[in-house]
> 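Got a structure for you, written out below as structure tokens; questions coming shortly.
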Amino acid sequence: MLENFMKNKILVTGGAGYIGTHTCIALHEAGYDFVVYDNLFNSSREAINRVSTLIGQTIEFIEGDIRDAESLKQVFAAHHFFGVIHFAGLKAVGESVAKPLMYYNNNVSGTITLLEMMSEYDVKNFVFSSSATVYGDPESLPINEESPRSCTNPYGQSKLTVEHILEDLAVSDDRWNLIALRYFNPVGAHSSGQIGEDPNDIPNNLMPYISQVAVGKLDKLSIFGNDYPTVDGTGVRDFIHVTDLAKGHVTALNYLNKQTRSNGSGTAKKNSVGFLPINLGTGKGTSVLELVSAFSEVSGQAIPYQFTDRRAGDIASCYASADKAKMLLGWQAELSIADMCRDTWHWQSMNPNGYTKVI
Ligand code: NAD
Ligand code: UFG
């Protein structure tokens, strides 16, 4: 539990979503209070209800859009926040290519409105959901935070643009403390099987696709390419359990607390954090075929698959250097690929239709 002086209220935008719900649980376990703000565009009240049940406490939930300044104003006026964890955003790469304005409007304009409101209410601690996508096709592996950044699709550009905005903000005023957490490939679900990833329609991402094949909702997995220069020709990614990822957010807040607060006697010096990018990954690469095989073993289900052409825009390999997170935040991933598969399967088999229908 946190010491009393560190107990703080956090605004969690996008807190009804996949990573947000898991982070709400981690915040509660660490002794933080929080308010969830989400427009439910890609989530449901049922997710919030389940988090409430899991933590044994009603969640303060506000249905609202980060682009709605008036609505945000009411929230900031009603609470005294220590900081904001900003998950709210759209995340489908393919959709972003078809609807770039929608992505820039939501992810960039929405974030600007949120930051303006934070500035108005003097809330200067911010944890942003960035992505390994900002590294584009990496020049070397593992990818550290100093690696060059470039993006080839509007989703990635929206994340990179927000990072640039945060950098400029940090330069403009050293009271801002802005952490950009660059997630690698979040997968898995809460060990209870009560919350997890609930994609609309057919999943774009590998793990939810595999689990829907395993549960019989989809016939077979298409593996996009088996001619990459990797261990077995299939793509390699740094899969990270969403529970580990959630804990990473708590350690980021703890870091902001330590850096920016006096020690209670009023004598400790406050340090400005500025703009601080940090990878959240395990540091280990796993191939598509290795993940399929691990999932099959853990679930006891066959996962039929076929090899198809490479998917446009995909890279061969991507995995993190996780050293900075360990050094600065004292955080490292603990859960294994088997844990990720087991918890995904638990969630999927208990909720074959996601949050909409419960067996
Ligand atoms: P998600 O879609 O499950 O959650 C995002 C939440 O934000 C949803 O509940 C949605 O309703 C809400 N939201 C979207 N636009 C909003 C708006 N304008 N106002 C208020 N609420 C809004 O996605 P997730 O997987 O939990 O991702 C969370 C964040 O992490 C996103 O910003 C995403 O881009 C980023 N990220 C995700 C991944 C991943 O693979 N899941 C990887 C890297 C980065
Ligand atoms: N893959 C398949 N078949 C599928 C889906 C995926 O073979 O049906 C392969 C992909 O080709 C890739 C690997 O599985 O080699 C992982 O693909 P995902 O779509 O699960 O994840 P990506 O690495 O492409 O992208 C994810 C998020 C992005 C984020 C990025 C950060 O979707 O939003 O991680 O690393 F930016």
Side-chain angles (χ1 to χ4, degrees), residues 12-23 36-44 47-48 62-68 71-72 85-94 96 102-103 105-107 109-111 113-114 128-136 138 143 151 153 155-156 158-159 162 180-187 196-200 202-210 212-213 218 220-226 228 230 234-240 242 245-246 279-281 286-289 291-292 305-320:
V12 185
T13 75
Y18 172 46
I19 304 169
T21 45
H22 291 83
T23 302
V36 170
Y37 186 87
D38 196 305
N39 66 0
L40 301 181
F41 181 80
N42 195 37
S43 50
S44 64
I48 293 288
I62 297 145
E63 186 172 345
D65 196 297
I66 50 166
R67 293 163 296 180
D68 183 344
S71 164
L72 275 180
I85 306 183
H86 179 35
F87 293 109
L90 303 176
K91 62 170 181 175
V93 174
S96 80
M102 181 176 151
Y103 272 67
N105 181 262
N106 202 77
N107 293 4
S109 301
T111 303
T113 304
L114 175 64
F128 173 60
S129 293
S130 191
S131 166
T133 195
V134 300
Y135 296 119
I143 306 171
C151 288
N153 61 70
Y155 167 70
S158 74
K159 292 291 172 189
V162 170
L181 296 177
R182 295 177 180 152
Y183 313 152
F184 280 66
N185 287 58
V187 295
E197 191 169 10
D198 185 15
N200 289 325
I202 296 175
N204 297 309
N205 298 118
L206 181 62
M207 185 65 114
Y209 205 108
I210 291 175
Q212 292 198 12
V213 171
L218 296 169
K220 70 163 79 143
L221 170 72
S222 290
I223 296 183
F224 303 140
N226 61 349
Y228 284 108
T230 60
T234 64
V236 164
R237 295 292 183 275
D238 187 340
F239 299 100
I240 173 166
V242 66
L245 195 72
N279 289 342
L280 290 185
T286 301
S287 77
V288 173
L289 274 177
L291 191 70
V292 170
Y305 64 82
Q306 62 185 1
F307 291 116
T308 61
D309 288 345
R310 291 180 177 191
R311 183 171 66 178
D314 272 359
I315 55 176
S317 296
C318 174
Y319 52 92

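Just so you know, ligand 1 is whichever comes first in the structure, and atom 1 is the first atom listed for that ligand.
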> Report the nearest protein non-hydrogen atom to atom 17 (C) of ligand 1: residue, atom name, distance rounded to 0.1 Å.
Asn39 ND2, 3.2 Å
> Has the side chain of Thr13 got a donor or acceptor atom that lies under 3.5 Å from a matching backbone atom of Ala88?
yes
> Judging by distance only, is a nitrogen or oxygen of Ile19 under 3.5 angstrom from one on ligand 1?
yes
> Using a 4.0 Å cutoff against the non-hydrogen atoms of Ser129, which atoms of ligand 1 qualify?
29 (C), 30 (O), 32 (O), 35 (C)
> Measure from the side-chain N and O atoms of Asn42 to the backbone N and O of Gly17, and report whether any donor-acceptor pair falls under 3.5 Å.
no
> Is ligand 1 under 4.0 Å from a heavy atom in the side chain of Ala132, in the backbone, in both, or in neither?
neither
> What do you reckon, does Gly110 put a non-hydrogen atom under 4.0 Å from ligand 1?
no
> Give the atoms of ligand 1, by number and element, whose distance to some non-hydrogen atom of Gly64 is under 4.0 Å.
19 (N), 20 (C)
> Below the 3.5 angstrom mark, is there an N/O of Phe87, backbone or side chain, next to an N/O of ligand 1?
yes
> As a quick check of understanding, evaluate side chain to side chain contact (heavy atoms under 4.5 Å, CB included) for Thr308 and Phe224, giving each step before the final call.
CA-CA 5 Å; Thr308 61; Phe224 303 140; 3.4 Å; yes
> Could you check atom 8 (C) of ligand 1 against the protein and tell me its nearest heavy-atom contact, residue, atom and distance included?
Asp38 OD2, 3.5 Å
> Quick check for you: to the nearest 0.5 Å, what is the distance between Leu289 atom CG and Asn226 atom CG?
8.0 Å
> Is Asn185 reaching over with its side chain to a backbone N or O of Arg237, donor-acceptor style, under 3.5 angstrom?
no
> Considering only heavy atoms from C-beta outward, does the side chain of Thr23 approach that of Val12 to under 4.5 Å?
no
> Output yes when the distance from some N or O of ligand 1 to some N or O of Phe184 is under 3.5 Å, and no in every other case.
no
> Can a donor-acceptor pair be found, under 3.5 Å and without considering hydrogens, that links the side chain of Asn205 to the backbone of Met207?
no
> Does any N or O atom in Tyr155 lie less than 3.5 angstrom from one in ligand 1, N or O only?
yes
> Describe, in one word, how the ring planes of Tyr155 and Tyr103 are oriented to each other, choosing from parallel (under 30°), tilted (30 to 60°) and perpendicular (over 60°).
perpendicular
> Please state whether Ser130 comes within less than 4.0 angstrom of ligand 1, counting heavy atoms only.
yes
> Can you list the ligand 1 atoms lying under 4.0 Å from a non-hydrogen atom of Ile66?
17 (C), 18 (N), 19 (N), 20 (C)
> Taking all atoms of both residues into account, what is the closest heavy-atom pair of Asn153 and Ser96, and its distance?
OD1-OG, 4.0 Å
> When you compare the side chain of Thr234 with that of Phe307, does any pair of heavy atoms fall below 4.5 Å?
yes
> Using distance alone, determine whether Phe41 and ligand 1 share an N or O pair under 3.5 Å.
yes
> Return the protein residues near ligand 2 (heavy atom under 4.0 Å from any of its atoms), ordered by chain and residue number.
Lys91, Ser131, Ala132, Thr133, Tyr155, Phe184, Asn185, Asn204, Asn205, Leu206, Tyr209, Leu221, Ser222, Ile223, Phe224, Gly235, Arg237, Val288, Arg311, Asp314
> With heavy-atom distances below 4.5 Å as the criterion, would you say the side chains of Val93 and Asn204 are in contact?
no
> When you look for heavy atoms under 4.0 Å from ligand 1, do you find them on the side chain of Asn106, its backbone, both, or neither?
side chain
> Mark yes or no for whether Asp238, through its side chain, and Phe184, through its backbone, hold a donor-acceptor pair below 3.5 Å.
no
> Does only the side chain of Leu40 get under 4.0 Å from ligand 1, or the backbone, or both, or neither? Count heavy atoms.
backbone
> What about Tyr183: any of its N or O atoms under 3.5 Å from an N or O on ligand 1?
no
> Test side-chain hydrogen bond (donor to acceptor under 3.5 Å, both in side chains) on Tyr37 and Ser71 and set out the steps.
CA-CA 10 Å; Tyr37 186 87; Ser71 164; 2.8 Å; yes
> Could you tell me whether a side-chain N or O of Lys159 sits under 3.5 Å from a main-chain N or O of Asn107, the two making a donor and an acceptor?
no
> Distance-only, no hydrogens or angles: does the Thr21 side chain make a donor-acceptor pair with backbone N or O of Tyr18 under 3.5 Å?
yes
> Among all protein heavy atoms, pick the one closest to atom 24 (P) of ligand 1 and tell me residue, atom and distance.
Lys91 NZ, 3.7 Å
> Tell me, which protein residue and heavy-atom name are nearest atom 3 (O) of ligand 1, and how many Å apart are they?
Tyr18 N, 2.8 Å
> Checking contacts here: is it the side chain or the backbone of Lys159 that comes within 4.0 Å of ligand 1, counting heavy atoms only? Could be both or neither.
side chain
